[in-house]
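Below: the structure, in structure tokens.
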Number of protein chains: 2
Amino acid sequence: MNKNITSQTLSRLPLYFNYLISLPESRKSGHISATAIAEALGLNDVQVRKDLASVSNGGRPKVGYPTSELIGDIGKFLGFANHDGVIVVGMGNFGRAMLENRSFADYGFEVVGGFDCDEKLVGTEINGKPVRNVSELGSFCRERNIQIGIITVPEAAAQEVCNLMTGAGIKYILNFAPVHLSAPAGVAVHNENISLTLAMLARKTDVGDIK
Amino acid sequence: MNKNITSQTLSRLPLYFNYLISLPESRKSGHISATAIAEALGLNDVQVRKDLASVSNGGRPKVGYPTSELIGDIGKFLGFANHDGVIVVGMGNFGRAMLENRSFADYGFEVVGGFDCDEKLVGTEINGKPVRNVSELGSFCRERNIQIGIITVPEAAAQEVCNLMTGAGIKYILNFAPVHLSAPAGVAVHNENISLTLAMLARKTDVGDIK
DNA sequence: CTGATATCGATACCGGAATATCGATATTCC
DNA sequence: GGAATATCGATATTCCGGTATCGATATCAG
């Protein structure tokens, strides 16, 4: 078990995790080899073994890794046992979808509330979660020590919301507005531009040769 | 202008594009250097120059690249002048958000319709776009030669929808269900697991040392 | 017209990630 | 118990993207 890990490995761990928990119960009680996982996921076996070495105590030759233990190790490593509060700003359809997304729980996140500036929405509840006025964002986050924020507002307001969040002590921002946000050092921003993702997917193979 | 391009370059092009169109009109008529772009975006100037070489006919020493021409070249390359039809399956909040997303148009996409299996939704319109029964998906896509599909259904139904899409001749699939879908060769699937994206963002700096 | 300067394109170099190879070890079968 | 085999972990190699360097060229100043 080696705690030094690369981003690439980190990005593959959930893949292994998903694959392992999708196995029938009967197989979870036994062992599984890196070779088998690689085969199933279309990856290189050495790569899988190396990735698993980062989180697991090691497998046994000829046998492989104890499946349930491996699931536990990966899950623990990814922090799926955590319980981190998340806020969402922008209660359009996108924001609502975030409040209703049940899959966050599987990864150790809980959306604790939504924010909007539309007075008609403020005070209502979505999926049992209260919608508050954006003006309360700062105090709310500081009181509860919220560190993760999701931005689902129109692009014109995105940077402003981002500033508000960083001011409230938020450290991780997931931005769905189609603009590239910048934040001060110490704050991690991930810009998820869906149109762009689609463009890369659909255009990649169109244009010339892409290696 | 070299048509061989890497994914990494492709992913940076929109960044340049956004930066260039955000320039004041007065500067768009002139020229801009790779050095200046790199400076503004916090990148390496050689990298920018290399990227631009993939799409542009070249700049002139001491002068740089003609700004408006460069904007046109990148846009053309990214296919922003295209007009590709897209369908969305799953009319939950997430699917609705897709039908209402105006930013697709900027990237050359148009959502031409939504699909669901809920009879209460079928026949209605969302943002002026009709919601059809999933059973019509095949004929609809083949008639109009739709090649791009977005999946926003619950995870249990995702693989089934995926199969339906590939059967209907769809070539590019953007999947938001939190499962890893697989499709036959010739079909590109991008699995966008939001919980996972959030996990990578928020956990990256938590767990051990990440290089 | 000539020298200084900014910028380009090409080539060379560097580092990290993926992959291949190899010896070691555990299990299975005879 | 010993040979055959599957699998592991470690080391070596390859490949690719990013960065630095250098000569060439266009503009500008004097």
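Quick caveat: nothing in here was measured; it's all calculated off a predicted structure. Chain A is the first sequence line, chain B the second, and so forth, proteins listed ahead of strands; every chain is numbered from 1.
- Nucleotide D:dT7 holds its P atom 18 Å from the CG atom of A:D51, rounded to whole Å.
- Taking a 6.0 Å sphere around CD of A:E39, one finds it holds 12 or fewer heavy atoms contributed by other residues, nucleotides or ligands.
- B:S103 and A:S195 share a donor-acceptor pair across their side chains, judged by distance under 3.5 Å alone.
- The closest side-chain heavy-atom distance from B:L20 to B:T67 is below 4.5 Å.
- Atom NZ in A:K50 sits about 11 Å away from atom P in D:dT11, given to the nearest Å.
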Output one letter per nucleotide in nucleotides 24-30 of chain D: B when a protein non-hydrogen atom lies under 4.0 Å from the base, S when only the sugar-phosphate is that close, - when neither is. -BBB---
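- Of the side-chain N and O atoms in A:R49, none sit less than 4.0 angstrom from OP1 or OP2 of C:dA20.
- With 3.5 Å as the limit, one finds a donor-acceptor pair spanning the side chains of A:Y107 and B:N193.
- Residue B:Y65 places no side-chain N or O under 4.0 Å from the OP1 or OP2 atom of C:dA6.
- Regarding A:N57, its CG atom lies at a distance of 10 Å from the P atom of D:dG9, rounded to whole Å.
- Side-chain contact, A:Q47 with A:D51: no donor N or O sits under 3.5 Å from an acceptor N or O.
- Checked by atom type, the side-chain pair B:N93/A:E100 shows a donor-acceptor distance below 3.5 Å.
- Judged by distance alone, with hydrogens and angles left aside, the side-chain atoms of A:T152 form a donor-acceptor pair with the main-chain N or O of A:G90 at under 3.5 Å.
- Separating the CG atom in A:L201 from the CD atom in B:E192 is a distance of 10.5 Å, to the nearest 0.5 Å.
- In the region residues 30-48 of chain B, proximity to DNA chain D at under 4.0 angstrom, judged on heavy atoms, holds for B:N44, B:V46, B:Q47.
- Base-pair partner of C:dC29: D:dG2 (Watson-Crick or G-U wobble, both distances under 3.5 Å).
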